[in-house]
Peer 1: 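Please find one structure pasted underneath; my questions will follow.
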Amino acid sequence: MTLDRQTVIDRLKSVKGPNLEGDIVSLGLVSEIFIADGKVFFSITVPSSRAQELEPLRQAAENAVKSLPGVKGAVVALTAEKQGGGMGATPPPRPKPAPQRPMPGGPAAQAGQQPAKQDVPGIKAIVAVASGKGGVGKSTTAVNLALGLKTLGLRVGILDADIYGPSMPRLLGLTGKPETADGKTLKPMEAFGVKVMSMGFLVEEDTPMIWRGPMVVSALRQMLRDVAWGELDVLVVDMPPGTGDAQLTMAQQVPLAGAVIVSTPQDLALIDARKGLNMFRKVDVPLLGIVENMSYFLAPDTGARYDIFGHGGAKDEAERLGVPFLGEVPLTMDVRETSDAGTPVVASNPEGAQAKVYRDIAAKVQTQLAAAMQSAADEAPAIVFD
């Protein structure tokens, strides 16, 4: 059987609609279907008020597609946005009102509070590396931070959460596709002793990811929880730039032990960095510190220093906000060259000046992470039996 769009559509016709009337295809609830290397991606339109209630519908569609020969995995999301007849079907009729069911999780969930974050088995701490905007060197910082933590004797992994612009395959010189451990779970790739997962392994480098927010969130959830990470001390998450849907969902639903903010010195970058910092604060994620990237330029021929983007802005901002300042990373040719070559400077020149900068930052992150985790443990309620 050939795995193509029509094959997937035919299988989805076996999945009943939200009210067990008709099927999700004939009701026009299925978005455009995307297939890449045996992975099938699509979304199902449902009323926003019933999204939580209809999670079993999403799971049924996912299981139906996964049962097809040749399917290595499926990413299915629920979305409340009408897809405009992406499959050529007529607009779906308004579903009949369904009896209201109580929200799971008791009074706290019904009051609108966030459900408890679910730990990822085997991973002791998850650290987000974020920025308020793109172009500040967040991914380069994330990969060298991860490698720096590895030099401290930690077991480290990297999750490339930037669905639209995954960088880790290029930064770490990785090619090929991940293997499956049991037909359901993906094995992470590995480079320089660090485990890695990225959407860049599942699609070609020049393939655009034209996805709405719910699809991105669903993909991130699967790359985090459906990957055989094994035992890790730290999982570094290279977050998408900005403070949108994916970033907020990661901050709210993933048990982040802390966040590192990356910014350049100039005011424009710092304005956006504040937004990212405030987002983590609002969802009670500890701030491990701020990194000032591209802090200054060192000319490779003369060694002269130039403050191209200004200097010290991130350090001043950290002091103003009471957040640890983790260090200044200069803009040098070797960082750019090794990153493009897939041999990050901490791995390719571990004794060099640039590698030392990243190792020092990693050591400070480790210290701040230990303090944040101890603080969280101290705040946990104690259960006393009389």
Side-chain angles (χ1 to χ4, degrees), residues 114 117 125-146 148-149 158-162 165 167 213 216-217 220 234-295 309-329 357-358 360-376 379:
Q114 289 296 323
K117 299 176 182 180
I126 303 176
V127 174
V129 178
S131 64
K133 63 183 297 182
V136 299
K138 170 184 55 62
S139 295
T140 301
T141 301
V143 73
N144 282 292
L145 170 61
L149 292 168
I158 303 177
L159 171 60
D160 187 351
D162 192 350
S167 303
V216 173
V217 170
L220 288 176
V234 182
L235 177 66
V236 175
V237 180
D238 180 20
M239 297 280 281
T243 54
D245 215 17
Q247 296 89 332
L248 184 59
T249 299
M250 288 289 289
Q252 289 178 326
Q253 297 185 8
V254 175
L256 296 175
V260 173
I261 305 296
V262 181
S263 178
T264 50
Q266 77 267 37
D267 291 341
L268 284 175
L270 289 168
I271 290 171
D272 292 315
R274 290 184 200 114
K275 296 175 183 177
L277 186 147
N278 287 330
M279 179 192 73
F280 286 113
R281 276 185 164 168
K282 286 183 178 180
V283 293
D284 297 322
V285 173
L287 292 162
L288 305 180
I290 298 177
V291 174
E292 182 172 281
N293 197 34
M294 306 182 198
S295 183
F309 301 112
H311 178 258
K315 183 176 183 180
D316 292 343
E317 187 70 14
E319 292 176 354
R320 187 181 73 82
L321 297 172
V323 177
F325 181 66
L326 298 175
E328 302 173 346
V329 180
V357 171
Y358 285 118
D360 288 346
I361 291 174
K364 292 177 182 177
V365 168
Q366 184 185 31
T367 300
Q368 294 296 329
L369 182 60
M373 295 178 70
Q374 182 60 50
S375 176
E379 294 176 3

Peer 1: Do you know the tightest heavy-atom contact between Pro286 and Leu256?
Peer 2: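 Of all heavy-atom pairs spanning Pro286 and Leu256, the closest is CD-O, 4.3 Å.
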Peer 1: Could you measure the distance from the CG atom of Asn278 to the NZ atom of Lys282? Nearest 0.5 Å is fine.
Peer 2: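 Between atom CG of Asn278 and atom NZ of Lys282 there are 6.5 Å.
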Peer 1: Looking at every non-hydrogen atom in both residues, tell me the closest pair between Pro324 and Leu287 and how far apart they are.
Peer 2: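 So the minimum-distance heavy-atom pair works out to CD-O, 4.0 Å.
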Peer 1: Between Arg274 and Glu317, does at least one N-O distance fall below 4.0 Å, as a salt bridge requires?
Peer 2: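 Yes, this pair counts.
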Peer 1: Looking at CG of Leu145 and CD of Gln366, how far apart are the two atoms once the value is rounded to the nearest 0.5 Å?
Peer 2: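 Leu145 atom CG to Gln366 atom CD measures 10.5 Å (nearest 0.5 Å).
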Peer 1: Measure the CE-OG distance between Met239 and Ser139 for me, rounded to the nearest 0.5 Å.
Peer 2: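 Rounded to the nearest 0.5 Å, the CE-OG separation comes to 12.0 Å.
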Peer 1: Where the side chain of Asp238 meets the backbone of Asp162, is there a donor-acceptor pair that is under 3.5 Å apart?
Peer 2: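 Checking the backbone N and O of Asp162 against the side chain of Asp238, no donor-acceptor pair under 3.5 Å is found.
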Peer 1: Any non-hydrogen side-chain atom of Val136 less than 4.5 Å from a side-chain atom of Phe309?
Peer 2: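 Result no, sub-4.5 Å side-chain heavy-atom pair not found.
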Peer 1: With a 4.5 Å limit on heavy-atom distance, are the side chains of Ile361 and Val329 in contact?
Peer 2: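 They are in side-chain contact.
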Peer 1: Judged by atom type as modelled, is there a donor-acceptor pair below 3.5 Å linking the side chain of Glu292 to the main-chain atoms of His311?
Peer 2: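 Here the side-chain-to-backbone pair does not exist.
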Peer 1: How close do Asn293 and Pro265 get, counting heavy atoms only, and between which atoms?
Peer 2: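 Minimum heavy-atom contact is O-CD, 3.6 Å.
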Peer 1: For the OG atom of Ser131 and the NZ atom of Lys138, what is their distance to the nearest 0.5 Å?
Peer 2: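 So the OG of Ser131 and the NZ of Lys138 are separated by 5.0 Å.
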Peer 1: Taking the side chain as C-beta and beyond, is there a heavy-atom pair between Leu277 and Ile290 under 4.5 Å?
Peer 2: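 Heavy-atom side-chain distance check passes, below 4.5 Å.
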Peer 1: Please report the shortest heavy-atom distance between Arg281 and Val323, naming the atom on each side.
Peer 2: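 Reported closest heavy-atom pair: NH2-CG2, 3.6 Å.
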Peer 1: At their closest point, which heavy atom of Ala161 faces which heavy atom of Val237, and how far apart are they?
Peer 2: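 Looks like CB-CG1, 3.7 Å.
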Peer 1: For Ala146, which residues count as a side chain to side chain contact (heavy atoms under 4.5 Å, CB included) partner, sequence neighbours excluded?
Peer 2: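 Checked Ala146 against side chain to side chain contact (heavy atoms under 4.5 Å, CB included); matches are Val156, Ile158, Val236.
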Peer 1: Met373 and Ala125: which non-hydrogen atoms are nearest, and at how many Å?
Peer 2: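 Scanning both residues completely, I find the closest heavy atoms to be SD-CB, 3.8 Å.
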Peer 1: Exactly one of Val129, Leu326, Val234 should register a side chain to side chain contact (heavy atoms under 4.5 Å, CB included) with Val365. Which one does?
Peer 2: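 With Val365 as partner, side chain to side chain contact (heavy atoms under 4.5 Å, CB included) holds for just one option, Leu326.
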